[in-house]
Structures are given as structure tokens and as C-alpha cells.
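Everything below concerns the one structure shown next.
Order of the sequence lines fixes the chain letters, A, B, ..., with proteins taken first and strands second; residue numbering starts at 1 for each chain. Hydrogens, waters and symmetry mates are skipped; everything else that's a heavy atom, side chains included, is used.
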Amino acid sequence: MIVDHRVLHEDFVPSEIEHRNDELNHLSATLEPVLDDDRPETAFLLGPTGAGKTCTAKYVLDELTNQRPDVQTAYINCWQEFTRFRVHYRLLEEIDQAIDVHRSTPKDQLFKLLREADDEPIVAVLDEIDQHEESETLYDLHRLPHVHLVLIANREEEMFAGFDDRVRSRLRAGTRVYFDRYGTDELVEILSERARQGLEPQVIDDDQIQSIAHTASGDARVGIGILHTAARIAAREGEEQITDEIVETAEPETRNKLRQQIIDDLTEHQRILYDVIEERGEVEPGELYDAYEEIVDDPNTRRTLRNYLSKMTHYDLIESNGDRGGRTYSLVGED
DNA sequence: TATCCACGGGAAATACAGGGAG
DNA sequence: CTCCCTGTATTTCCCGTGGATA
């Protein structure tokens, strides 16, 4: 059934990027000065999830390395690396300078290493930059003349809101590359290509791909996820073909799997909060805190619970309805 | 209207755990 | 082994907001 799992993985970068030529050329052109040791403008890739921002960025990094192998490139996802230390560390790691760096190495030391790694230009992609918590990070990186930044975010205003005052004004001048959702037709082509490379021939037909593209509503990540799940269900059930029923089950199953992954990463206390919310459906803050304190024998402070709640909101597990006065918490996607 | 209260969230202090050095 | 350094998680302290109450 499945010939090549990698192709169906969300972070796979295909050898040809479809329907993103303008964006791709725009980004390449922006970074081109690096090839002549000039300083390029900071590039912003903006648009909704699953619109090809990450894919395009990684593709351009590869292209850059091919044209000039000594340019150092780094891809860092700020969703995972959300402190200054981690970004610096990952960056050093990506450019192979992390030798002799350990946990008790002070931040300043990491920064010093970065500053001194200026033999060749470094192009660093910071994905989901709006998820990063320390605004100092960008300030640090921005003042290194040999580090050139590509910043990826969903929305421009929110991204700028999180910036340090000192960088905000300067970065306003950067180049913006906007990404739109894929059209259904475009998504169909992308999915067909992945199916062609990743699956045995003729296991899925055009109508089914059409249907997946439709449910994914322009989000390539979701579409590819559903395709992958569908293929796995078919394999598991020993089917020769992906049936319409399988396509239908694949959608909710993909969604649940994503959610389950996040839930599995929660700490015990966070999990208890989540369970209380799930059990009661919609719950007021006071009631939620009380219930939690009832269950746990050594409860954390309410301030900590608020941190947990905002984290879980962030991860789209729960949502808070109404801001102040009469706020309630509930699970996302089941009202 | 004046006051109170519950809640959210910023900032700083503190506790904790991992790891190197001696 | 202990001591000491660190980053990170949690707590402490606090203030602003807005709805409810007197």
C-alpha cells in the first residue's frame, strides 16, 4: 500500500514545489545578496497554516546551499524552542558549532560562540516566531551582522506585537512574502503527486483525492495527513484499495491523532485540568480550580494553573470563552 | 456612586534538577 | 561524593479590570 512514508510526512520537502513559484522566487531574490556576501533584508513569510510557508523556506535553504555550499543554514521551529537559550543552542547545533556546549553553559557563552562563528554567512529560518516567548532572542540575532533571518508567522500584527521595541522599527522595513490558502484544485494536484510518489499505483482514485482536498479546505498539512491516515487504515485492514468509507474515517482519525499527541505530552496536573474540563463540558474558572484542588493531594498554585490553561489554549486543546467576567473554559471542537 | 471581589496576567523571587569540576 | 553553575518550572507579589453589591 505505502511505498514511501517520508513523502506522506508533513515536513517532507518535495523536489518540485507546486503552485508557489511567485513566493519562492520572491524569497530567493530576497536572499540572493548572501551569495555575494551582501546583507539581505530580513524576510517575513506570512499566511495561514498549511499554505506552504515552511516548505518553501526549507526549499530555498537547500537551493542556497547548492549554489554556495559554504553558506550556513539553519531551520528552527520556535514552537519547540521557545526560550532564548534553546534557539541559540539549536542554531549552534545546526551550524555544527555546538561541540563543548552543555546545559550549564551560560547564555552569554552561547551568544559569544554565535558571534564568533562569522566566517561564513548564516541564514536562519525561525518558524512560528509568534510562538516564541522571549523578545530578546530576535534582538540578539538581529545585531549579528553575519546572521540573516527568515521569519515565519501566521499574522503580521501579532508577530510584531511580540517583538522587542528595539527591533520592531528596524524589522518593519523587511520584505514580506504573503501566502494564501491553496485552492482546492491546487491541493488536489499536490495530493495526487504525493500519492503517486508515496503509494502503490491506483490505490486511490481522483474523486477520493478531490474529497480529501475538499475537507482539508486549503490546508496542505491537513490534506497530506488525511491521505497518510487513509493509506494506513487501508494497509491495516488488508484492503487493496482505499475505499470511500476509509476516506471518511480518515478525517476524524487524523484530527484525533493530532490531539492525542498533544494530550500525551501534558504533565499530570495539566491532564487533570483537561479532564475536568472534558467532564463538565463548560466550566467557570472558580469551579475548575476547586475541582482540581479536590482531586490532587498536592495542588499547584492557581497562578500556575492559569499558566497551564493559557498553554493549553495555545495548543488549541481548550478555548476560553469571553474575556473578563463570566469567562468559561471548554474543549475545542465539541460544543 | 463607592466599595468589594474574583480573576488574569506581568515581573521578580525562589525551588528544582541536570551536569561539570574538584 | 559535594559544591556550584545553569535553565526552567513554579510561586510570590502585585496591579488592573469589570461585574456585583451595598
Side-chain angles (χ1 to χ4, degrees), chain A residues 74 76-95 97-117 124 126 128-141 155 157-168 262-277 280-332:
Chain A
I76 297 170
N77 190 323
C78 297
W79 182 277
Q80 287 131 24
E81 325 295 334
F82 50 84
T83 66
R84 183 149 64 132
F85 178 83
R86 288 202 187 158
V87 168
H88 287 173
Y89 185 84
R90 283 283 301 150
L91 189 48
L92 283 170
E93 220 170 39
E94 294 266 309
I95 62 172
Q97 297 290 327
I99 334 115
D100 213 33
V101 174
H102 32 257
R103 202 169 136 56
S104 48
T105 309
K107 286 191 230 197
D108 303 354
Q109 184 65 22
L110 293 194
F111 188 61
K112 187 159 163 266
L113 284 170
L114 277 179
R115 188 164 3 105
E116 285 164 359
L126 300 186
E128 316 217 38
I129 186 69
D130 44 348
Q131 308 298 331
H132 190 74
E133 288 175 354
E134 281 184 88
S135 57
E136 289 276 295
T137 311
L138 268 185
Y139 175 69
D140 287 345
L141 296 182
R155 288 217 295 271
E157 312 82 59
E158 286 169 25
M159 176 183 68
F160 273 104
F163 284 178
D164 190 296
D165 286 337
R166 292 166 295 187
V167 256
R168 192 177 296 135
I262 302 174
I263 292 177
D264 289 344
D265 280 342
L266 296 178
T267 65
E268 188 194 341
H269 290 239
Q270 292 166 344
R271 181 64 184 272
I272 287 165
L273 279 177
Y274 181 85
D275 289 345
V276 170
I277 298 173
R280 316 225 170 170
E282 192 169 353
V283 59
E284 290 175 7
E287 189 190 343
L288 176 58
Y289 300 151
D290 289 344
Y292 161 84
E293 280 154 13
E294 191 73 22
I295 298 170
V296 183
D297 28 326
D298 190 15
N300 289 344
T301 14
R302 298 195 165 188
R303 182 68 186 86
T304 305
L305 300 190
R306 278 181 241 133
N307 286 340
Y308 291 163
L309 288 169
S310 74
K311 184 148 215 157
M312 279 153 63
T313 310
H314 204 75
Y315 280 73
D316 257 343
L317 283 177
I318 61 172
E319 60 189 355
S320 60
N321 317 296
D323 4 70
R324 326 202 119 263
R327 172 183 278 201
T328 59
Y329 294 99
S330 56
L331 295 194
V332 166

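A straight line from CZ of R302(A) to P of dC13(C) spans 17 Å, rounded to a whole angstrom. When rounded to the nearest whole Å, the span between CD of E134(A) and P of dA12(B) equals 13 Å. The distance from atom CG of L110(A) to atom P of dC5(C) is 18 Å, rounded to the nearest whole Å. Summarising the geometry, the separation between CD on E284(A) and C1' on dA20(C) is reported as 14 Å, rounded to the nearest angstrom. D298(A) places its CG atom 15 Å from the P atom of dA15(B), with the value rounded to the nearest Å. When rounded to the nearest whole Å, the span between CD of E268(A) and P of dA9(C) equals 17 Å. Taking atom CZ on R303(A) and atom P on dC13(C), their separation rounds to 14 Å, with Å as the unit. Rounded to an integer number of Å, the gap from K311(A) NZ to dA9(C) P is 6 Å.
In summary, of the residues considered (T267(A), I318(A), V296(A), L288(A)), a side-chain contact (heavy atoms from CB on, under 4.5 Å) with L273(A) occurs for L288(A) alone.
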Requested in this report: Dump the intermediate steps for side chain to side chain donor-acceptor pair (under 3.5 Å) on T328(A) and E282(A), then the final yes or no.
Outcome: CA-CA 6 Å; T328(A) 59; E282(A) 192 169 353; 2.9 Å; yes
Query - Residues F82(A), V87(A); criterion side chain to side chain contact (heavy atoms under 4.5 Å, CB included); working and verdict - result: CA-CA 7 Å; F82(A) 50 84; V87(A) 168; over 6 Å; no
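Regarding contacts with the backbone of dT8(C), every side-chain N or O of Y89(A) stays at 4.0 angstrom or more from both OP1 and OP2. When the side-chain nitrogen and oxygen atoms of N300(A) are compared with OP1 and OP2 of dT11(C), one or more of them lie within a distance under 4.0 Å. OP1 or OP2 of dT10(C) lies within a sub-4.0 Å distance of a side-chain N or O belonging to Y308(A). Listed pair T301(A) / dT10(C) fails the phosphate criterion, with no side-chain N or O lying under 4.0 Å from OP1 or OP2. Residue T304(A) places at least one side-chain N or O closer than 4.0 Å to OP1 or OP2 of dT11(C).
A donor-acceptor pair shorter than 3.5 Å can be found between the side chains of T304(A) and T301(A).
Checked against dA9(C), dG8(B), dT11(C), the side chain of F82(A) finds its nearest nucleotide in dA9(C). In the set dT8(C), dG8(B), dT10(C), the nucleotide with an atom closest to the side chain of R86(A) is dT8(C). Checking dG9(B), dT11(C), dC7(B) against every side-chain atom of R306(A), the shortest atom distance belongs to dG9(B).
The main-chain N or O of N300(A) is found under 3.5 Å from a side-chain atom of Y292(A) such that the two form a donor-acceptor pair.
Rounded to 10°, the helix from dT1(B)-dA22(C) to dG22(B)-dC1(C) has 30° between the axis fitted to its first five pairs and the one fitted to its last five.
Relative orientation of the F160(A) and F163(A) rings is perpendicular, given thresholds of 30° and 60° on the angle between their planes. The aromatic rings of Y315(A) and W79(A) stand perpendicular to each other, their planes meeting at an angle above 60°, with 30° marking the opposite boundary.
Using a 4.0 Å heavy-atom distance criterion, S310(A) is classed as making no nucleic acid contact.
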